[in-house]
Amino acid sequence: MSNFIENVKKICEENEKVAMYIDMDGTIVEYHIYESNEIAEKMGKEYKEFEPLKCVIQNLKELSNIKNLDMYILSLSKTNKITEEKKNWLKKYVPFIKEDNWIILTKEIGDYSSQNRDIIKGENIKKREESYTHSILLDDEQKVLREAKRLLKEKCTIYHVSSTII
């Protein structure tokens with residue numbers, strides 16, 4: 001059993017109700033690099049072909065059996081088309097996380113902007129803070145993790161995706 005799984009189980013034992021927020025791109029889905037002007041078009045067309053990071057998903061599937069742990073997808077998307085592709089991808093590869101718990105913030109409809117992209121996930125977690133005794137964020141972006149930790153302090157445990165594979 002990985003240290004990540006042991007640590008999450010311990011957090012769940014020590015808290016009444018825990019929320020885990022899981023990023024997609026680079027965390028549970030292979031990350032693709034595109035030129036800035038190509039991101040929206042290429043991701044919208046190619047997302048369904050992106051490979052799942054199977055070892056991470058397997059660890060999350062194991063954790064999904066913990067009774068006092070609510071799992072959420074918390075992802076950013078540039079366009080409505082990419083948002084739809086992400087939903088289709090989740091249905092295929094992560095059916096153990098309820099669709100009602102998919103939070104995909106879409107830039108095209110104003111859910112976030114270039115100015116707040118690094119803090120929007122932490123702010124989103126903070127909105128639900130009253131419903132949980134503790135939160136966990138699993139992401140691959142250092143800036144996002146750092147800003148969430150600054151905003152949420154001890155009420156949230158931060159994990160970089162690399163933690164899930166060692």
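All residue numbers in this chain count up from 1 along the given sequence.
- One finds the CD1 atom of Ile158 at 9.0 Å from the OG atom of Ser135 (value rounded to the nearest 0.5 Å).
- Of the residues Leu76, Ile73, Leu53, the one that meets the side chain to side chain contact (heavy atoms under 4.5 Å, CB included) test with Met24 is Ile73.
- Of all heavy-atom pairs between Ile109 and Asn80, the closest is CG2-OD1, 3.4 Å.
- Annotation: Glu35, atom CD; neighbour count of heavy atoms from other residues, nucleotides and ligands within 6.0 Å does not exceed 12.
- In this structure the side chain of Leu74 reaches within 4.5 angstrom of the side chain of Leu105, judged on heavy atoms.
- Across all non-hydrogen atoms, the minimal contact from Pro52 to Ile57 is CB-CD1, 3.5 Å.
- Note on Val144 and Ile103: same hydrophobic cluster, where clusters join Ile, Leu, Val, Met, Phe, Trp and Tyr whose side-chain heavy atoms are under 4.5 Å apart, directly or indirectly.
- Side-chain contact between Val18 and Ile136 is present, with heavy atoms from C-beta onward closer than 4.5 Å.
- The closest side-chain heavy-atom distance from Leu63 to Lys9 is below 4.5 Å.
- The distance from the NZ atom of Lys143 to the CG atom of Leu145 is 12.5 Å, given to the nearest 0.5 Å.
- Ring geometry, Tyr47 versus Trp89: the interplanar angle exceeds 60°, so the pair is classed perpendicular (tilted spans 30 to 60°).
- Clustering ILVMFWY residues whenever any of their side-chain heavy atoms sit less than 4.5 angstrom apart, transitively, puts Met20 in a cluster other than the one holding Leu137.
- By the neighbour-count criterion of 12 heavy atoms within 6.0 Å, atom NZ of Lys48 is densely surrounded, having more than that number from other residues, nucleotides or ligands.
- Under a cut-off of 6.0 angstrom, the local environment of CD in Glu16 is sparse, with at most 12 non-hydrogen atoms contributed by other residues, nucleotides or ligands.
- One hydrophobic cluster, built from ILVMFWY side chains closer than 4.5 Å, cannot hold both Tyr31 and Leu138; they sit in different ones.
- Within a 6.0 Å sphere centred on NZ of Lys155, other residues, nucleotides and ligands contribute more than 12 heavy atoms.
- A donor-acceptor pair is defined here as one N or O able to donate and one able to accept, closer than 3.5 Å; no such pair exists between the side chain of Asn116 and the backbone of Tyr112.
- Here the straight-line distance linking atom NE2 of His134 with atom CG of Leu69 works out to 11.0 Å at 0.5 Å rounding.
- Here the closest non-hydrogen pair linking Gly44 and Ile82 is N-CG1, 3.7 Å.
- Taking the six-membered ring where the residue is Trp, Tyr132 and Tyr72 present perpendicular rings, their angle passing 60° and hence far from 30°.
- Here the CG atom belonging to Asn59 is positioned 9.5 Å from the CD1 atom belonging to Ile165, to the nearest 0.5 angstrom.
- When hydrophobic clusters are built by joining Ile, Leu, Val, Met, Phe, Trp and Tyr residues whose side-chain heavy atoms come closer than 4.5 Å, directly or via intermediates, Val94 is grouped together with Val161.
- Partner Lys121 forms a salt bridge (charged side-chain N to carboxylate O under 4.0 Å, His left out) with one of Asp140, Asp111, Asp139 and no other, that one being Asp139.
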Exercise for the section: With side chain to side chain contact (heavy atoms under 4.5 Å, CB included) as the test, would you mind laying out the steps for Leu90 and Ile28 before giving the verdict? Expected result: CA-CA 10 Å; Leu90 287 166; Ile28 60 171; 4.1 Å; yes

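- Between Arg146 and Asp118, no side-chain nitrogen of the basic residue sits less than 4.0 Å from a carboxylate oxygen of the acidic one, so the salt-bridge criterion is not met.
- For the pair Glu123 and Lys127, the salt-bridge criterion is not met [side-chain N within less than 4.0 Å of a carboxylate O].
- The closest side-chain heavy-atom distance from Lys91 to Glu99 is below 4.5 Å.
- Listed here is the closest heavy atom pair of Lys149 and Cys156: NZ-O, 3.2 Å.
- Looking at Met43 and Phe50, their side chains come closer than 4.5 Å, going by heavy atoms from C-beta outward.
- Without hydrogens or angle criteria, Trp102 side chain to Ser75 main chain gives no donor-acceptor distance under 3.5 Å.
- Between atom CG of residue Asn101 and atom CE of residue Met71 there is a gap of 10.0 Å, rounded to the nearest 0.5 Å.
- Between Lys10 and Glu6 there is no salt bridge, since none of the side-chain N atoms of the basic residue sits less than 4.0 Å from a carboxylate O of the acidic one.
- Summarising the geometry, atom CD1 belonging to Ile33 is positioned 8.5 Å from atom CD1 belonging to Ile39; distances are rounded to the nearest 0.5 Å.
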Practice task
Please assess Thr106 against Glu108 for the test side chain to side chain donor-acceptor pair (under 3.5 Å), listing each intermediate value before the final yes or no.
Solution key: CA-CA 6 Å; Thr106 308; Glu108 185 176 53; over 6 Å; no

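- For His32 against Glu30, the heavy-atom pair with the smallest separation is NE2-OE2, 3.0 Å.
- Annotation: side chain of Tyr159 is not in contact with side chain of Thr164 (no heavy-atom distance under 4.5 Å).
- Under the 3.5 Å distance criterion, the side-chain polar atoms of Thr133 are left unmatched by any main-chain donor or acceptor of Asn15.
- Annotation for Asn68 and Cys12: closest pair ND2-O, 2.8 Å, computed over non-hydrogen atoms.
- Using a cut-off of 4.0 Å between Lys/Arg side-chain N and Asp/Glu carboxylate O, Glu84 and Lys87 are scored as salt-bridged.
- Note on Lys126 versus Glu129: salt bridge recorded, some NZ/NE/NH1/NH2 to OD/OE distance being below 4.0 Å.
- Residues Ile125 and Leu151 form no side-chain contact, since every pair of their non-hydrogen atoms from C-beta on lies 4.5 Å or further apart.
- Side-chain heavy atoms closer than 4.5 Å link hydrophobic residues (I, L, V, M, F, W, Y) into clusters, and following such links, possibly through other members, connects Ile22 to Ile104.
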